Amino acid sequence: MELQAVLMAAGGGSRMPDLTYNTPKPMLPVGNKPLMWYPLNLLERVGFEEVIVITTKEVHKMMSTDPKMKDVKIKLDVVCIQEDGDMGTADALRHIQQKIKTDVLVVSCDLITDVALHEVVDLFRAHNATLAMLMSRAHEFTETVPGQKGKKRTGEQRDFVGVDQSGKRLLFMANEADLEDGLSIRKSIMRKHPRMHIKTGLVDAHLYCLKKAVVDFLADNKSISSIRGELLPYLVRKQFSKTTNCPKSKDDADDQAQKTIDGSTNSTELLISSRDEPLLQLAQERSCWNDHRGDMSEAYHGGKLRCYVHIMDQGLCYRVNTLAAYIDANRLAPKLFEEPAVHPSAVISERCQMGSDSIIGAQSQVADKTSLKRSTIGNSTTVKEKVKVTNSIIMHGVTIEEGCNIHGCVICSNAVIGRGADLKYCLVGSGQRIEPEAERTNEVIVGTDQLMEI
Amino acid sequence: MAESGVTDGLCNAEDIERSKTEGKELTKEEKQRLRKEKKQQKKNKEKNDENASHEGKKKKKKEEKPVGSASQPPAQPSPKAVPAPPAAVPVPASEAPAPADKPAKSKADLKAERRARQEAERASKGKKGDVGQPAPTGKLKAPPSELQPVVKRLPEHVQVDDPEVLKKLAKKLERQQIPLRSDYGYKVSLFSHLHQYSRKAPLTQQLGIPSTVIHPAIVRLGLQYSQGIVAGSNARSVALLHAFQQVIRDYSTPPNEELSRDLVNKLKPYISFLNQCRPLSASMGNAIKYIKKEISNIPSQCKEEEAKVKLLRCIERYINENIILAAKAIAKYSIEKISDGDVILVYGCSSLVNHILCEAFEKDRKFRVIVVDSRPRLEGREALRRLVQKGISCTYVLISAVSYILPEVSKVFLGAHALLANGYVMSRVGTSQIALVAKAFNVPVLVCCETYKFCERVQTDSFVSNELDDPDDLIVTRKGKTQLEQWQEVPSLGLLNLVYDVTPPDFVDLVITDLGMIPCTSVPVVLRVKNMDQ
């Protein structure tokens with residue numbers, strides 16, 4: 001087997017608490033499909049037959065009841081972990097270390113993309129890389145986010161990513177938060193790669209191909225708890241560390257050779273030596289290829305640990321972990337698939353004006369004289385007469401009484417909007433009731449028990 | 001065409017008589033057919049003399065070929081090509097190709113059948129007046145197959161412009177569940193019979209991601225071939241054998257199957273896949289033949305684990321003998337040829353030549369090297385790096401300056417991709433040019449080649465069988481401007497990126513192999529000796 005897929009679906013959605021306090025992030029509806037359906041669909045399309053899904057019990061329960069999840073033909077091996085535990089993504093990988101038999105492809109549940117996955121995996125295969133990841137140019141979010149008070153959100157920390165001239169080899173990765181006195185780059189890196197492009201406007205898609213040896217390394221190093229935050233910068237730094245580049249001592253034709261190397265210090269564990277290494281080494285020596293030119297060193301500068309990145313210029317790539325991303329994703333996700341805008345079981349009256357950009361979920365009812373433009377209506381939602389819904393996201397089980405005017409809002413599941421309400425750029429939390437004739441603009445309406453505790 | 005005429009003794013006589021009575025002149029093909037017929041008759045009388053003059057015949061056949069191929073551009077790459085009709089030379093009976101004698105006896109029935117068939121065909125076609133035309137389709141395929149002990153068909157990869165062949169290929173690949181790689185861009189008409197792929201459209205696009213049909217080691221290898229990460233004859237063979245080792249290690253015999261037969265069947269789709277990624281080299285072909293033979297020779301009572309260990313050891317031994325030790329032997333012979341004060345010219349990056357020069361330098365020979373390089377691959381830079389790293393003093397020029405630099409040169413060392421059975425050297429494109437210029441300057445040309453790269457193919461020109469690389473490699477961006485960016489839209493423009501060319505043996509003075517230093521024309525002897533060993 002070449003690659004095992006692991007889907008991380010235990011995240012809490014901590015950056016959009018208003019949406020996720022009732023619905024866990026993996027099950028948030030985007031274009032009337034649960035969020036985790038998208039990465040699963042990507043894996044299925046590409047050819048995976050099995051996925052290990054790491055999630056919480058709550059999500060697991062919701063998964064089994066959701067109709068869309070039943071459409072997923074891929075075999076799901078669900079591993080449940082504690083919800084309140086401080087399990088980072090690396091901790092989760094360590095948890096399932098026994099199941100990992102080969103190289104892994106780690107995907108996050110909030111990734112919506114139409115990338116040609118072979119581009120990332122080809123880098124991983126061709127260069128025998130330890131890590132291959134996907135990044136994309138960040139898109140500006142154009143839609144107005146409800147509840148935003150106008151100014152740009154602080155705490156948006158930039159990621160500095162350094163790539164080499166070909167744009168494929170990952171040389172440097174750090175988050176602004178970790179760089180207190182400025183960005184410092186080691187001389188050894190500059191000597192090997194004199195031309196480095198440092199980019200800040202990239203979005204990490206959280207799609208990583210990792211060698212099996214990395215998972216084994218995690219098992220021994222319990223201090224690493226997050227893939228993105230700790231493991232990745234460590235691997236990128238280790239490419240140029242002195243110990244990984246010194247020539248290895250000759251292996252005896254000894255079956256214990258592999259074990260001794262794994263048992264020794266941390267850095268050598270990542271060297272991933274296989275018994276065939278001499279033949280591969282011979283092939284590389286005889287090959288007249290080099291990945292760089294201008295200096296005297298051989299291909300890859302003799303380094304065994306290599307990290308690669310594929311940066312997407314075109315195409316869709318969203319990480320739905322903020323409200324703005326969620327809204328944008330809802331606009332664009334339906335365009336990825338050729339599905340009918342109106343679900344066959346939905347009941348739409350004839351005098352309803354529905355724009356081409358809108359979609360309506362199963363078993364919903366839309367009454368007369370309504371106007372729906374650029375909106376998403378979820379499953380089992382009732383929209384009564386004379387309602388105008390523009391640019392909004394209505395989740396499942398919502399009731400909108402007559403005469404409402406909803407513009408640019410996000411209405412969470414099971415909410416009730418009273419008659420004649422006029423909502424602009426609001427976020428109505430799950431299960432909330434908006435009184436009739438209410439006029440709200442730019443507000444976040446959630447239950448009192450969900451307000452943050454200070 | 002002429003080549004079908006050898007066996008058509010009777011019907012040709014009929015045709016010729018018919019044309020004579022109709023007042024037409026005998027066409028060239030008919031004359032040749034007449035001559036062939038006479039040859040055939042004499043041959044049947046003198047078949048006992050064949051063994052004695054075997055060598056002589058082969059040499060004369062080689063001379064005939066350059067003449068023959070001039071009159072027939074699509075020359076066949078089969079070594080026992082009967083259709084080499086010299087237009088004017090009256091060929092004595094003993095010149096008839098020796099191996100054809102044996103099958104001639106046993107296939108007399110087939111010949112008679114064929115004659116009858118062709119008579120019938122001609123009877124129906126004769127009124128249309130195309131007297132000189134034999135069955136137009138299959139002109140290259142059908143006739144020779146009857147005269148030779150081994151049926152040799154044209155390989156698929158030189159018949160890309162024939163839609164039937166493509167259909168057959170597509171069917172075969174479908175059966176093996178391997179995606180078909182589509183050709184890219186406009187092909188120059190002289191080379192439209194070859195594949196031309198784009199590096200930006202790898203075969204993995206059409207494969208599922210955890211590849212289940214093809215072993216992951218083979219997918220990785222195919223990717224490395226198509227992206228040029230593993231390039232060079234030796235490197236490709238070593239990488240191939242390494243991948244096969246992994247395949248064998250992960251292999252488990254299904255129930256009711258024998259390892260010796262099933263494993264070979266398992267390898268076939270992998271080989272097709274690698275062929276689609278990049279056409280196989282001659283050295284890879286020989287390695288595959290060796291492996292298949294070894295697998296088939298596993299006795300059926302051998303247990304699976306034992307068999308696997310045996311095969312892995314065979315692979316190790318093959319690499320050790322044919323690549324590592326051969327390199328050492330060749331280095332030892334070459335060092336005798338390198339004297340102090342020599343100026344050695346090398347072309348491109350040949351792993352063997354680099355090895356030789358490094359060894360010679362370690363043995364304290366005093367020489368300097370001139371590295372000649374050519375676009376678009378610019379492999380010479382890698383050779384330059386390796387030599388300079390050792391401490392050898394080098395000069396670097398592009399191939400356009402080779403006639404300028406040659407007066408300084410005392411020897412030329414060339415590497416080879418394969419050595420063909422008629423003594424031609426197949427190597428990186430540009431090699432024959434260097435050999436030609438060196439000949440003009442009377443500089444000795446030494447080709448270094450291991451014996452496992454010797455190939456039974458015969459080729460006299462670089463058109464018939466070659467490899468077309470990605471044409472976009474020729475596009476270069478200077479000062480931000482890419483002039484050839486829209487080359488596909490210009491209807492009269494074609495980009496050609498050839499990979500190999502053949503050097504005639506007249507330009508090569510010596511071939512240094514692990515068996516010793518031999519002249520170019522002794523290649524078929526070596527091949528024969530090797531075949532006898534096996």
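Letters A, B, ... mirror the listed sequences (proteins, then strands); counts begin at 1. Computed over heavy atoms, backbone and side chain alike; hydrogens, waters and symmetry mates excluded. Values in this document were obtained by computation on a predicted structure and should not be read as measured data.
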Contact part of [X] toward chain B, heavy-atom cut-off under 4.5 Å: side chain, backbone, both or neither?
{"X": "A/Glu285", "result": "backbone"}
{"X": "A/Val46", "result": "both"}
{"X": "A/Thr102", "result": "neither"}

State the [atom1]-[atom2] distance between [X] and [Y], to the nearest 0.5 angstrom.
{"X": "B/Glu379", "Y": "A/Cys288", "atom1": "CD", "atom2": "SG", "answer": "4.0 Å"}
{"X": "A/Leu117", "Y": "B/Gln205", "atom1": "CG", "atom2": "CD", "answer": "12.5 Å"}
{"X": "A/Leu282", "Y": "B/Ile324", "atom1": "CG", "atom2": "CD1", "answer": "5.0 Å"}
{"X": "B/Ile209", "Y": "A/Leu42", "atom1": "CD1", "atom2": "CG", "answer": "8.5 Å"}

Any B/Val230 side-chain heavy atom under 4.5 Å of A/Gln284 side chain: no

With no hydrogens and no angle check, is any side-chain donor or acceptor of [X] less than 3.5 Å from a backbone partner on [Y]?
{"X": "A/Ser287", "Y": "B/Arg236", "result": "no"}
{"X": "B/Arg220", "Y": "A/Arg125", "result": "yes"}
{"X": "B/Gln224", "Y": "A/Ala126", "result": "yes"}
{"X": "A/Glu2", "Y": "B/Pro216", "result": "no"}

Contacting moiety of B/Leu384, where chain A heavy atoms sit under 4.5 Å: neither

Most heavy-atom pairs under 4.5 angstrom with chain B, which of [options]?
{"options": "A/Val121, A/Asp291, A/Leu43, A/Leu105", "value": "A/Val121"}
{"options": "A/Asn290, A/Asn128, A/Asp122", "value": "A/Asp122"}
{"options": "A/His118, A/His127, A/Glu49", "value": "A/His118"}

Interface residue of largest heavy-atom contact number with chain A, from B/Gly228, B/Ala239, B/Ser226, B/Ala217, under 4.5 Å: B/Gly228

Heavy atoms of other groups near A/Arg195 CZ, more than 12 under 6.0 Å: no

Closest approach of [X] and [Y], non-hydrogen atoms and distance?
{"X": "A/Asp295", "Y": "B/Arg385", "value": "O-CD, 3.5 Å"}
{"X": "A/Trp289", "Y": "B/Ile229", "value": "CB-O, 3.4 Å"}
{"X": "A/Ala283", "Y": "B/Ala235", "value": "O-CB, 3.4 Å"}
{"X": "A/Met296", "Y": "B/Val388", "value": "CE-CG1, 3.2 Å"}

Verdict with supporting geometry, A/Leu279 and B/Leu241, side-chain contact (heavy atoms from CB on, under 4.5 Å): CA-CA 9 Å; A/Leu279 266 193; B/Leu241 290 170; 5.5 Å; no

